[in-house]
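Sequential numbering from 1 along the given sequence is applied to the chain's residues.
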Amino acid sequence: MNKYLYILISLVILSSCSEYQKVLKASGERATAQKFKMGDSLYNAGKWAKANRILGQIVPEYRGKPQAQKLMYLYAQTFYKMKDYYISSYRFEQFATSYPKSEKLEEASFLSAKSYYMLSPVYSKDQKETKEAIEKIQGFINQFPESEYLPEANKLVQELDFKLEKKAFSIAKQYSDIAPGFTRDYTAAIKSFDNFLYDFPGSSLREDALFQRLDAAYKQAVNSIEYKRSRAEGIVHIRKERIEATKEYSSSFLKTFANSKYIEQVNEMNRVLEEELKKYSTKS
């Protein structure tokens, strides 16, 4: 019994494939209508690649016709379903521009913006696409402030924003990390974390950024040369000035995160800084 069932299924599949190839190769006005019907059927059956191929053949034939709106919507959807987000973003955007009064306008506009979101790379890579995705999704939110897609759109923007935060944080941190072929640059690290804290004041990484800035300043201070000569200022006591600046970073950190996960490390830094400052007091 199973053998006959297998044969029957195979015949149905072969017949279906044969019919698809027949319609795909056909030409003429009647064939165009058949392709539309089959493309619609394939789309509803979840056969995105086949639907895409057959619908793509008739896009020029329906330009300016009433059925073009449905055709362009289905065609854009096939790219999205196949995860070809570069083309789906363009096709949905084209649909929204061509049919501003369509009942599918809101959905198409959202899927165009979401396609940009899907193109956003991991945070460690260049974030050009991420910034573009934020712009597109924010544009959708501004255009459709009452949309049913608004909760998802806001969530996508939050995810993209956090990706930019992680990128900026990792760039700042690399200046004080040891990597093959590189040396630590604590001044650049401090400056980069200053920029991070300014650009992302409400970041969930704020505690980590404040600590990393403090840590970079601390390591720079305790390992600093004692002084340098300057034509304009004479002798500049670099080490003392850096220790005092680090104490200010420490005070700022403790005021903001008194119960920080880094509290033991910060307290130890403070102990060393206090001892170093006492030495200068004694010298005076």
Side-chain angles (χ1 to χ4, degrees), residues 9-10 12-27 31-63 65-100 102-123 125-141 143-144 147-149 151-153 155-157 159-160 163:
I9 293 172
S10 298
V12 170
I13 293 173
L14 288 171
S15 175
S16 175
C17 291
S18 176
E19 181 65 19
Y20 172 74
Q21 290 296 330
K22 182 180 177 182
V23 174
L24 193 67
K25 294 176 182 178
S27 59
T32 299
Q34 286 180 315
K35 289 179 181 182
F36 196 144
K37 184 178 179 181
M38 179 171 279
D40 188 14
S41 178
L42 288 167
Y43 174 82
N44 291 325
K47 297 179 180 179
W48 323 122
K50 283 188 173 183
N52 175 272
R53 186 179 178 190
I54 205 165
L55 291 174
Q57 287 188 341
I58 59 174
V59 166
E61 307 299 326
Y62 277 90
R63 192 167 289 129
K65 295 182 179 179
Q67 304 97 319
Q69 183 177 151
K70 180 179 179 180
L71 173 61
M72 295 305 294
Y73 171 79
L74 292 176
Y75 192 46
Q77 278 281 16
T78 58
F79 285 109
Y80 186 82
K81 299 292 186 183
M82 292 190 300
K83 301 182 180 181
D84 191 341
Y85 298 118
Y86 279 106
I87 299 182
S88 69
S89 63
Y90 166 74
R91 286 295 178 180
F92 277 124
E93 197 168 328
Q94 184 184 48
F95 177 91
T97 302
S98 301
Y99 306 103
S102 171
E103 62 178 16
K104 297 289 188 182
L105 175 64
E106 185 178 315
E107 180 188 5
S109 298
F110 175 69
L111 290 177
S112 176
K114 189 175 180 179
S115 293
Y116 281 95
Y117 162 83
M118 300 301 290
L119 292 170
S120 173
V122 295
Y123 80 91
K125 294 185 177 181
D126 182 79
Q127 293 301 298
K128 178 184 176 183
E129 288 88 353
T130 301
K131 293 174 183 176
E132 191 171 21
I134 291 173
E135 183 182 330
K136 294 293 183 180
I137 298 173
Q138 194 59 58
F140 169 81
I141 292 171
Q143 186 178 358
F144 301 98
S147 172
E148 63 178 292
Y149 302 107
E152 185 178 358
K155 183 181 178 182
L156 297 181
V157 170
E159 289 181 20
L160 294 168
K163 196 177 287 188

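- F144 has its side chain within reach of L105: a pair of non-hydrogen atoms, C-beta onward, lies under 4.5 Å apart.
- Of the candidates Q77, Q69, K70, Q77 is the only one forming a side-chain hydrogen bond (donor to acceptor under 3.5 Å, both in side chains) with Y73.
- Checked against the 6.0 Å centroid threshold, Y62 and F36 count as a close aromatic pair.
- Rounded to the nearest 0.5 angstrom, E152 CD and K155 NZ are separated by 8.0 Å.
- For the side chain to side chain contact (heavy atoms under 4.5 Å, CB included) criterion with K163, the lone passing option out of I134, V122, T130 is T130.
- Shown here is K25, whose NZ atom has no more than 12 heavy atoms of other residues, nucleotides or ligands within 6.0 Å.
- Judged by distance alone, the side chain of S89 and the main-chain N or O of Y86 form a donor-acceptor pair under 3.5 Å.
- Expressed to the nearest 0.5 Å, how far CZ of F79 lies from OH of Y90 amounts to 10.5 Å.
- You'll find the side chain of L71 stays beyond 4.5 Å of the side chain of Q67, heavy atoms only.
- Of the inter-residue distances, the one linking K47 atom NZ with I54 atom CD1 reads 12.0 Å to the nearest 0.5 angstrom.
- Considering all non-hydrogen atoms of both residues, K35 and V23 come closest at CE-O, 2.9 Å.
- Note that the OG atom of S109 and the NZ atom of K114 stand 14.5 Å from one another [nearest 0.5 Å].
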Carefully, step by step, assess K136 and E93 under the rule salt bridge (Lys or Arg N to Asp or Glu O under 4.0 Å). CA-CA 10 Å; K136 294 293 183 180; E93 197 168 328; 3.7 Å; yes
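- Rounded to the nearest 0.5 Å, atoms CH2 (W48) and OH (Y80) are 12.0 Å apart.
- The cationic group of K50 lies under 6.0 Å from the six-membered ring centre of Y20 and within 45° of the ring axis, placing it in a cation-pi geometry.
- Taking every heavy atom of both residues into account, M82 and A49 meet most closely at SD-CA, 3.5 Å.
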